[in-house]
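Computation of the quantities below employed the complete heavy-atom set of this structure, encompassing side-chain atoms and omitting hydrogens, waters and symmetry-equivalent molecules. Chain letters run A, B, ... following the sequence lines, proteins first, then strands; residues in each count from 1.
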2 protein chains.
Amino acid sequence: MARHSILQTLPEPLRSQALERIQFMTFPAGQVLFTAGERCHGLPLVLSGSVKVQMTGVSGHSIVLYRMGADDICTLSIGCLMTGRGYRAEAVVEEEAEAAMIPRGLFDRLLEQSPEFRLGIMESYGRRLDDLMLLVEEVAFRRMDERLAEWLAARAAQGTIAITHQELAIELGTAREVVSRLLKELERRGQVRLSRGRIDVTGELSGLD
Amino acid sequence: MARHSILQTLPEPLRSQALERIQFMTFPAGQVLFTAGERCHGLPLVLSGSVKVQMTGVSGHSIVLYRMGADDICTLSIGCLMTGRGYRAEAVVEEEAEAAMIPRGLFDRLLEQSPEFRLGIMESYGRRLDDLMLLVEEVAFRRMDERLAEWLAARAAQGTIAITHQELAIELGTAREVVSRLLKELERRGQVRLSRGRIDVTGELSGLD
DNA sequence: CTGGCGTCGGTGATAAAGTCACAGAGCAAG
DNA sequence: CTTGCTCTGTGACTTTATCACCGACGCCAG
C-alpha cells in the first residue's frame with residue numbers, strides 16, 4: 001500500500017495510522033488536478049504516471065514549469081496547504097496517474113513525528129526550487145533552437161513524438177510560429193521529419209553546428 | 001534578542017534553548033553570504049538590512065532572483081542544508097544586514113517541536129515558489145520596456161536611483177545595451193534624466209502608452 | 001465519396017530584444 | 001594634465017516575438 005518512498009520510511013505504528021487517513025486516487029490522462037486560484041486540500045504524493053505543472057501569464061501565454069512522476073511530491077501544494085492561498089499554476093495529468101493525498105492535519109503530524117518525513121519533504125522542496133531556478137536561467141538566457149533541440153533529444157534520441165507545434169510552444173514558453181519555423185529548419189537539415197501532430201527524429205540533434 | 005517573528009512564536013523553554021545555539025551575525029554591504037557551489041551550514045533568518053539573491057548562467061549572464069529583507073527566511077538554504085548539495089545561486093548584501101544562523105540540528109529540532117515554526121517555514125517556502133513562478137512568467141512573456149519602467153517606478157516614483165546600466169541589466173536578466181537604449185528612449189520622452197551611475201525619475205513611468 | 005468545418009502548420013512583414021564591436025565621456029589618482 | 005578605468009551610446013546584424021493570413025489535413029454528416 002505504501003507505494004511511495006517517503007511513506008516507506010515511516011516507522012510503525014505511524015505508518016499504519018497514516019495509511020488510514022490517506023486517500024488513494026487514480027486520475028485518467030487529461031484530468032486537471034488543480035487550476036489557478038483553486039484551494040488545496042491535501043498534499044499529493046505521486047505514485048505512478050506523469051503530471052505536468054504549467055502556468056498561464058496575464059498575456060494568455062502558457063509555459064510548462066515542471067513535471068512530476070513516480071515517487072515525486074507535489075511540493076507546490078505545501079505552500080497552499082499551509083497558508084490557505086490558492087494555487088498559481090495548474091496541473092494536468094499526462095499519463096494516467098495514481099496519487100496518495102495527505103490531508104493537512106496528517107501532514108503536520110508526520111512532520112512532527114518523523115525525521116525521515118521531514119528530510120524527504122525538504123529534499124523535494126530543494127529540488128523544486130532548483131528546477132525553477134534552472135528554468136529562469138533557461139528562459140532568460142538560452143537560445144530557442146538549442147532548447148528545442150534538447151527537448152526533442154530528451155524525448156526521443158531517435159523515434160516519433162506525438163505533439164502539436166502549439167503544445168511544444170507551451171513546453172518552451174514561446175510562440176507557435178517560432179516553433180514551426182525552427183522545426184522547419186531542422187527538417188531542412190534532415191534532423192527531423194514533420195507531419196501533422198507528429199515529429200520523427202531522424203538525425204543527431206545535439207552537438208551539431 | 002529574538003528579533004525575528006518565527007523565533008518569537010517559539011514557546012519557552014524552547015526559545016531560550018534555541019537562542020543559545022543561534023549565532024547572530026552582522027554583514028556589511030557588499031559582503032557575499034554564499035556563492036554558487038558552496039555548502040550550507042545553517043539557515044539564515046534575516047533580521048534587518050537587504051540581501052539580493054542572483055544566479056549566473058553558463059553563458060555568464062546573471063539575473064536577480066529575489067531579495068530578502070527584515071523578517072525573511074532564506075528558504076533557498078533549506079534544500080542545501082538538508083541534502084548537503086551546494087547552492088546554485090549567490091547572495092550579496094545590499095544594505096548592512098543582521099542575520100540569525102540556525103544550525104542544522106537545531107532546525108530539525110524546531111521543526112519537530114514547534115507547529116508555529118513549521119507553519120512559518122512552509123509559508124516562507126510557498127512565497128518563494130510563488131516569487132520564482134512569477135519571475136518565470138515575467139522573463140518569458142513580458143516586454144522589457146514595461147518591466148524596466150515598473151522596476152524604476154517601484155524604486156522611486158519620483159527621485160534618484162543610484163545604479164549603473166549593467167547592474168540594472170542584471171536585475172532584469174537582460175543585456176546592458178538593451179537597458180541603455182530603453183533608458184535613452186525614456187529620457188527622450190522626458191520621463192527620466194540620465195547621468196553616470198544615476199537615474200533621476202522625473203515623470204510618470206507606469207500606465208503610459 | 002464529397003463538401004464543409006475545425007484544427008494544424010507555413011510564411012511574409014514588422015517590431016522587439018539580444019549580440020558584437022567599438023568609440024567617446026566621466027571620473028579619480030598620480 | 002595625463003593616464004587608465006569604468007560607464008554609456010550607438011551602428012549593424014541576428015534571433016525571437018507578434019500580427020495577419022492562407023492553405024493543408026482529418027473528420028464527420030449528408
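When each of D:dC21, D:dA12, D:dC7 is scored by its nearest atom to the side-chain atoms of A:Arg176, the top-ranked nucleotide is D:dC21. Nearest nucleotide to the A:Glu177 side chain, out of D:dA20, C:dT19, D:dA24: D:dA20. Nearest to the side chain of A:Ser180, among D:dG11, C:dG6, C:dG10, sits C:dG10. Out of C:dG10, D:dT10, D:dT18, the shortest distance to the side chain of A:Lys184 is found at C:dG10. In this structure, of C:dC8, D:dA12, C:dG10, it is C:dC8 that holds the atom nearest to the side chain of A:Thr164.
Phosphate proximity of D:dT18 to A:His61: present, with a side-chain N or O under 4.0 Å from OP1 or OP2. Taking only side-chain nitrogens and oxygens, A:His165 comes nearer than 4.0 Å to OP1 or OP2 of C:dG10.
The base of C:dC8 lies outside donor-acceptor range of the side chain of A:Gln166, with no N or O pair under 3.5 Å.
B:Arg147 forms no cation-pi arrangement with B:Trp151, by the criterion of a distance under 6.0 Å to the ring centre and an angle within 45° of the ring axis.
Under 4.0 Å is where a charged nitrogen must lie from a carboxylate oxygen, and between B:Glu171 and B:Arg67 at least one such pair does.
Separation of atoms CD1 (B:Ile121) and CD1 (A:Ile78) is listed at 12.0 Å; rounding is to 0.5 Å.
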Check: residues 27-45 of chain A side-chain donor-acceptor pairs under 3.5 Å, at least two apart:
from    : atom 1 : to      : atom 2 : distance (Å)
A:Thr35 : OG1    : A:Glu38 : OE1    : 3.2
A:Glu38 : OE1    : A:Thr35 : N      : 3.1
A:Arg39 : NE     : A:Gly84 : O      : 3.1
A:Arg39 : NH1    : A:Gly84 : O      : 3.4

Using atom names, set out every protein N or O paired with an N or O of nucleotides 14-16 of chain D below 3.5 Å, distance rounded to 0.1 Å.
from   : atom 1 : to       : atom 2 : distance (Å)
D:dT16 : OP1    : A:Met144 : N      : 2.6

